[in-house]
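Each chain gets a letter, A, B and so on, in the order its sequence line appears, and its residues count up from 1.
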Protein chains: 4
Amino acid sequence: MDSFSNESCNIPDVAAKAVLQPSSLPKDCEAYVEGIHYDHDISIEELLAIYKNFGFQATHLGQAAEMIDRMLKYRLIDDPVSEDDIGSKYEDPEVRKSTKCTIWLAFTSNMISCGLRDAFVYLAKHKLIDVVVTSGGGVEEDLIKCMGKTYIGRFNMDGATMRESGLNRIGNLFIPNDNYCDFETWLQPRLDEMHRQQTEDGVSWTPSTFIDFLGKEINDETSFCYWCHKNQIPVFCPGITDGSIGDNLYFHTYSKSSPTTLKIDVVRDIRRVNDIAVHSKKSGIIILGGGLAKHHVCNANLMRNGADFAVYISTAQEFDGSDSGANPDEAVSWGKIKAYTNPVKVHADASLVFPLLVAGVFRKYENTRL
Amino acid sequence: MDSFSNESCNIPDVAAKAVLQPSSLPKDCEAYVEGIHYDHDISIEELLAIYKNFGFQATHLGQAAEMIDRMLKYRLIDDPVSEDDIGSKYEDPEVRKSTKCTIWLAFTSNMISCGLRDAFVYLAKHKLIDVVVTSGGGVEEDLIKCMGKTYIGRFNMDGATMRESGLNRIGNLFIPNDNYCDFETWLQPRLDEMHRQQTEDGVSWTPSTFIDFLGKEINDETSFCYWCHKNQIPVFCPGITDGSIGDNLYFHTYSKSSPTTLKIDVVRDIRRVNDIAVHSKKSGIIILGGGLAKHHVCNANLMRNGADFAVYISTAQEFDGSDSGANPDEAVSWGKIKAYTNPVKVHADASLVFPLLVAGVFRKYENTRL
Amino acid sequence: MDSFSNESCNIPDVAAKAVLQPSSLPKDCEAYVEGIHYDHDISIEELLAIYKNFGFQATHLGQAAEMIDRMLKYRLIDDPVSEDDIGSKYEDPEVRKSTKCTIWLAFTSNMISCGLRDAFVYLAKHKLIDVVVTSGGGVEEDLIKCMGKTYIGRFNMDGATMRESGLNRIGNLFIPNDNYCDFETWLQPRLDEMHRQQTEDGVSWTPSTFIDFLGKEINDETSFCYWCHKNQIPVFCPGITDGSIGDNLYFHTYSKSSPTTLKIDVVRDIRRVNDIAVHSKKSGIIILGGGLAKHHVCNANLMRNGADFAVYISTAQEFDGSDSGANPDEAVSWGKIKAYTNPVKVHADASLVFPLLVAGVFRKYENTRL
Amino acid sequence: MDSFSNESCNIPDVAAKAVLQPSSLPKDCEAYVEGIHYDHDISIEELLAIYKNFGFQATHLGQAAEMIDRMLKYRLIDDPVSEDDIGSKYEDPEVRKSTKCTIWLAFTSNMISCGLRDAFVYLAKHKLIDVVVTSGGGVEEDLIKCMGKTYIGRFNMDGATMRESGLNRIGNLFIPNDNYCDFETWLQPRLDEMHRQQTEDGVSWTPSTFIDFLGKEINDETSFCYWCHKNQIPVFCPGITDGSIGDNLYFHTYSKSSPTTLKIDVVRDIRRVNDIAVHSKKSGIIILGGGLAKHHVCNANLMRNGADFAVYISTAQEFDGSDSGANPDEAVSWGKIKAYTNPVKVHADASLVFPLLVAGVFRKYENTRL
């Protein structure tokens with residue numbers, strides 16, 4: 001740097017030009033920021049509509065609401081008959097009128113631990129979702145909630161003190177270890193029964209058939225697995241051994257006097273989940289959080305050359321190259337989401353925003369069906 | 001690692017004990033996770049009440065709602081007469097009944113750019129806040145919105161192309177540069193007038209008196225600065241020169257034939273803002289975002305040995321030691337927030353959650369006043 | 001707020017007392033911030049030592065370096081003989097001198113995609129780690145890198161354009177789809193062979209035995225799986241079907257004329273991984289990233305009532321209650337990390353900091369062994 | 001979803017085509033991922049060179065190193081003579097050979113609190129930077145470090161307990177309040193002197209002249225402000241009243257018997273900082289952290305129609321539309337960074353990575369000058 005002149009007596013030309021550069025709006029530019037006039041009671045449905053033109057993540061949430069609404073209302077009749085449809089039942093307008101979009105829901109274990117479990121129960125009970133992918137904890141915590149409560153704590157509770165009291169922390173929640181002991185008591189005889197079926201009836205278990213069995217056995221209307229079982233919504237979980245269910249499977253390998261142990265095969269499940277994608281006439285994915293659940297839904301949709309609708313809700317960022325943080329456009333490059341679908345990512349803790357979507361979109365749709 | 005034994009025929013003792021450790025709940029442990037039964041229309045107010053026991057950031061939002069409700073309803077009569085009060089007007093029960101909590105609002109520039117501006121207008125119009133701290137852009141963007149629209153775009157719009165068209169991006173919003181040219185046209189004669197008052201009337205300007213003057217001049221009911229002027233809510237902004245107002249002040253230093261330039265003194269404002277804190281009988285702070293606005297509100301409250309109520313809404317994290325990301329407990333260590341006040345930080349983009357608080361807490365309180 | 005007095009002529013007492021409160025240092029407070037004097041060439045080893053007293057995440061990285069150094073140098077002889085040791089070979093001082101800490105490495109798929117793969121190769125080749133847990137992509141991308149290159153791109157490359165060109169994006173990297181086609185060509189006959197062994201030899205595959213087989217078959221010194229096979233380091237991967245390997249398993253279920261398909265059982269692997277934990281005399285965990293890999297290492301260490309050393313490197317935050325973002329103290333509450341071990345979390349993209357730990361800690365230790 | 005067929009006996013065509021899509025590499029695609037062979041001692045300089053092709057944020061750090069190297073080595077002679085140069089001294093090749101790039105450094109207060117202060121001292125002492133913008137704390141903490149130590153603590157130290165002991169926490173650091181009392185003792189007589197100069201000599205103070213005065217007065221070679229004073233590097237700080245300096249200014253308004261108070265004018269500083277930008281022949285910006293410091297450097301560079309080189313190091317994300325989290329391409333849209341300069345953002349805590357850039361780039365350049 002040479003010198004700091006303070007001598008000039010005219011506005012520097014470069015500055016004036018740079019600051020006062022004229023502008024030309026793009027022609028298709030119609031949406032502008034609008035706020036809320038807090039002069040009447042605002043319903044959640046209204047809020048989501050306003051959010052579309054609110055800016056930042058409110059805009060993304062408004063777009064997510066619109067996209068889920070489109071997933072729910074879609075019928076095959078909305079699309080022209082494709083080459084593949086010709087000669088199949090999908091030429092029949094009546095079939096087209098009743099053929100819906102396959103809706104996938106992915107979520108991580110912590111979501112079942114918090115109040116979102118009831119949102120998922122609502123979706124499964126009312127058949128508003130078709131396929132689920134979650135982590136091992138997503139199954140275990142649902143079942144354990146039938147046996148005991150999850151308590152409200154704080155993020156900064158002391159771990160050593162909690163361990164002494166047998167309290168397991170999940171964020172600002174905690175669960176008494178007794179709940180896990182009760183789960184062990186409940187689960188071990190079911191594993192015996194599964195082992196019996198494997199040995200005597202030749203049953204070959206997979207994570208999804210195992211979860212369906214657990215959903216049947218729990219027989220509790222507060223349970224998400226129960227409703228998925230009842231409504232034949234498959235729940236996929238390649239990581240089924242990772243968590244308390246795995247602990248129980250581990251113990252079970254010791255407890256058997258039989259020379260064989262229970263087996264859970266993951267190959268049949270990859271066949272099953274991918275076939276669902278392939279045979280879906282339309283596919284919409286709703287992914288809460290990251291990790292295996294997120295990737296597995298996207299990967300299955302690659303088998304059909306991409307999902308048609310996509311909503312992510314996540315706190316993870318893309319800068320570290322993780323799949324968890326990847327924006328939907330990364331999935332577009334892989335063929336996991338179709339190009340030009342305008343997929344949406346809402347950067348938020350799902351606990352804050354997913355209830356708004358259930359109350360303002362899913363429930364509204366469900367009410368129109370009644 | 002020595003060997004991987006697969007030979008044992010009993011569950012390892014250490015594993016069984018570790019997994020099945022018994023638990024004892026703390027005595028004061030009453031709140032447990034509850035979800036939402038989506039069987040009726042849920043109002044925003046009801047949602048916030050449920051969120052308190054929902055887990056994760058939903059819990060924090062529920063706690064924030066409760067804390068803002070307490071700020072609004074507080075009257076000095078709720079507290080016993082203190083030593084300091086004795087001999088002052090604050091001994092008088094009537095004075096105590098009408099003495100409220102001083103409510104501070106801090107926000108960053110982007111919040112005015114998005115739809116939150118109307119939320120802030122609502123708060124200022126109805127006198128639900130008492131003091132404001134913001135950045136230079138927080139003032140400039142409010143005024144510029146009186147001159148032209150802010151448009152909805154996308155985060156990944158190409159910067160070079162936008163610059164060619166004179167479109168300035170703010171996240172997923174953009175503003176035509178013409179709006180800034182219109183602002184320059186509007187502002188320069190006002191700076192002339194300020195300079196005249198400085199020269200002829202001996203007026204000594206500070207950021208807060210400058211902003212009050214602009215609020216009067218804009219004379220537009222959609223403007224936040226207008227309502228702050230009208231309702232005598234001081235707006236502090238130490239960084240007033242940082243942004244478009246600064247560009248205009250820069251140009252103004254060239255345009256004057258006078259040997260003197262406009263001066264804006266920041267010392268009188270630090271006296272003013274700290275005095276407000278010192279003379280507040282109770283103090284509640286609501287801080288959206290980080291940076292100077294956040295720190296300035298906290299620092300002023302140090303002057304009274306800490307705020308009595310505190311709510312942060314922020315996306316910044318504490319791990320880098322920045323003040324922007326600091327949790328409220330860091331401010332407790334400095335005496336900026338009183339110990340044992342249970343301050344709340346909601347980890348979220350304010351665009352997603354602050355409208356819920358305005359609709360579900362501020363508006364509800366305002367309605368009870370009418 | 002009552003009034004803004006500007007009249008006082010003395011410093012408000014409350015302000016002076018609040019600002020000028022005296023302080024007393026804790027007695028054990030010895031470490032203070034020190035920077036670097038850039039007056040000589042600083043080695044990475046020296047940098048890590050200085051970082052311990054540098055503040056913020058530099059301090060955490062310095063602590064991580066120290067903790068990994070302790071993991072590597074630990075021998076059982078450093079601890080007194082425990083009750084459990086009495087009567088076992090672990091009473092023998094010679095056995096105690098040669099019994100090391102079991103070191104666990106967890107990482108996510110993206111880490112293999114970036115330059116960290118060579119760091120992991122170094123660790124496996126030199127037997128500096130004992131057990132690995134990764135995601136399906138962590139295996140697949142290692143093998144695919146033997147077949148073609150991963151290119152440097154940008155985060156904002158257009159997904160639709162990339163899909164047209166068959167380029168798959170991973171953060172700011174991309175991989176030609178041809179590499180995946182080559183992988184399919186390579187893998188399918190290996191799956192045939194596995195199926196043959198299953199059918200003819202009665203082999204029961206698990207993810208870890210499958211990965212070991214692939215490591216043997218790839219027979220390439222640039223491969224991490226190769227070195228894990230060669231040095232008998234088990235690689236666990238419950239989510240083995242999630243990714244390109246799963247795509248191939250899916251295709252393979254169709255290609256077989258046989259009535260049976262390949263099976264991969266996950267129960268035997270949970271037995272195997274937990275047994276490793278139980279039989280480790282000391283356990284140290286190094287976890288890069290989150291998701292299943294992170295949780296699985298922690299969960300296995302619950303079986304031994306907690307790891308003795310723990311280092312996390314992650315960009316995920318705790319506020320959403322996810323296991324990915326959980327701080328080590330959450331794992332302490334579960335008994336997955338022992339209390340009072342001072343576990344460390346470095347908040348950083350592992351690509352930035354893990355090479356410093358390999359160059360400055362692992363390599364230094366390895367050099368002293370030679 | 002219609003049905004889950006498991007009956008097909010051929011790989012679904014859509015799946016095979018989607019997964020096995022052929023690829024075509026772009027022609028200019030040369031850089032591919034390379035790791036590190038840990039077979040020799042790696043210098044920091046070498047590490048940064050390798051990082052460029054490492055992926056994720058390591059790539060960004062490698063690019064940042066390269067860009068800072070270019071800033072430092074740039075001389076006006078490298079560019080053709082421009083129209084503006086004609087007729088000025090900048091036509092002279094000798095002048096062009098000695099005219100460097102103006103290098104701007106912005107940082108937030110916490111960076112001075114951690115070990116980065118010594119990095120900044122190195123840059124100022126060796127005149128490797130030309131202009132500085134920081135927050136009030138960035139000045140105050142530098143001076144206070146001349147009076148007492150900053151200690152290493154933990155992020156989760158209890159705020160209430162710390163307040164009782166007069167210990168102020170900054171992330172995982174803490175500072176005894178006595179240091180601030182010592183600062184008050186040191187600063188008040190300097191404010192008296194400034195007031196005297198204002199009253200008697202007609203001095204009109206601005207933040208930058210105030211900071212220069214403090215740098216002179218502290219007269220301590222460990223101080224960043226000292227070296228900026230000594231080497232005539234202006235330090236801008238519009239938010240000078242926000243922090244301990246502001247507390248002292250506040251007290252000073254009470255302590256004067258004189259009817260006038262000290263004034264600090266921010267208008268002259270906006271003139272000064274913008275003039276520096278306008279008169280720079282080339283401009284390179286290095287921005288650590290966000291807030292006012294970041295925006296102010298960018299805004300000044302708008303006055304010259306954009307910086308020529310730009311490096312951000314930040315933990316803030318763009319999704320909330322904040323300027324702190326904005327990627328460099330947002331600044332391109334405003335004309336704050338020139339289009340096509342390939343600006344770099346490293347997503348990292350600066351404490352982890354900036355020392356690598358000082359040791360591996362600045363110091364290397366400085367050594368070649370000696």
Top contributor to chain B contacts, counting heavy-atom pairs under 4.5 Å, from A:S43, A:G360, A:C114, A:A350: A:C114
Top contributor to chain A interface from B:V33, B:L116, B:I44 [non-hydrogen pairs under 4.5 Å]: B:V33
Within-4.5 Å side-chain heavy-atom neighbours: A:N172 and B:H60: yes
Residue selection (most heavy-atom pairs with chain A, distance under 4.5 Å) from B:A119, B:A348, B:G171: B:A119
Largest heavy-atom contact set with chain A, pairs under 4.5 Å, which of B:A58, B:G166, B:S165, B:G35: B:S165
Residue part contacting chain B, namely of A:E45, when any heavy atom lies under 4.5 Å: neither
Top contributor to chain B interface from A:E164, A:R163, A:M162, A:R154 [non-hydrogen pairs under 4.5 Å]: A:R163
Heavy-atom check, side chain of B:D41 versus side chain of A:R363, under 4.5 Å: yes
Side chains of A:L20 and B:E184 in contact at under 4.5 Å (non-hydrogen atoms): yes
Rounded distance [0.5 Å steps], CG in A:D39 versus CD in B:E366: 12.5 Å
B:Y38 and A:Y122 aromatic ring geometry - parallel, tilted or perpendicular at 30°/60° bounds: tilted
A:Y180 vs B:S23 side-chain heavy atoms within contact, under 4.5 Å: no
4.5 Å side-chain heavy-atom contact, B:P12 and A:Y250: yes
Smallest separation among heavy atoms of B:G55 and A:L173, with atom names: CA-CD2, 3.6 Å
Nearest-0.5 Å distance, CG of residue B:L61 to OG of residue A:S351: 9.0 Å
Rounded distance (nearest 0.5 Å) linking atom CZ of A:F251 with atom CD1 of B:I11: 5.5 Å
A:Y32 OH to B:F174 CZ distance, which is reported to the nearest 0.5 Å: 13.5 Å
Contact class of B:K364 relative to chain A, heavy atoms under 4.5 angstrom: neither
Approximate separation, where rounding is to 0.5 Å, of B:S24 OG and A:D178 CG: 8.5 Å
Side chains of B:H347 and A:L352 in contact at under 4.5 Å (non-hydrogen atoms): no
Note, A:L356 side chain near B:L47 side chain (heavy atom, < 4.5 Å): yes
Heavy-atom pair count under 4.5 Å with chain B, highest-scoring of A:I50, A:N168, A:D329, A:I170: A:I170
Value rounded to 0.5 Å, distance of CG in B:N53 from OH in A:Y151: 12.0 Å
Leading residue by heavy atom contact count with chain A [cutoff under 4.5 Å; candidates B:E34, B:R117, B:H40, B:K52]: B:H40
Top of A:N110, A:V353, A:D247 for chain B proximity - count of heavy-atom pairs under 4.5 angstrom: A:N110
Side-chain (A:N177) to main-chain (B:Q21) donor-acceptor, under 3.5 angstrom: yes
Partner chain B: residue of A:D118, A:V19, A:I152 with the largest heavy-atom pair count (under 4.5 Å): A:I152
Proximity breakdown for B:F56 and chain A, heavy-atom pairs closer than 4.5 Å: both
B:L167 side chain near A:P26 side chain, heavy-atom distance below 4.5 Å: yes
Whether B:D349 side chain and A:Q57 backbone form a donor-acceptor pair below 3.5 Å: yes
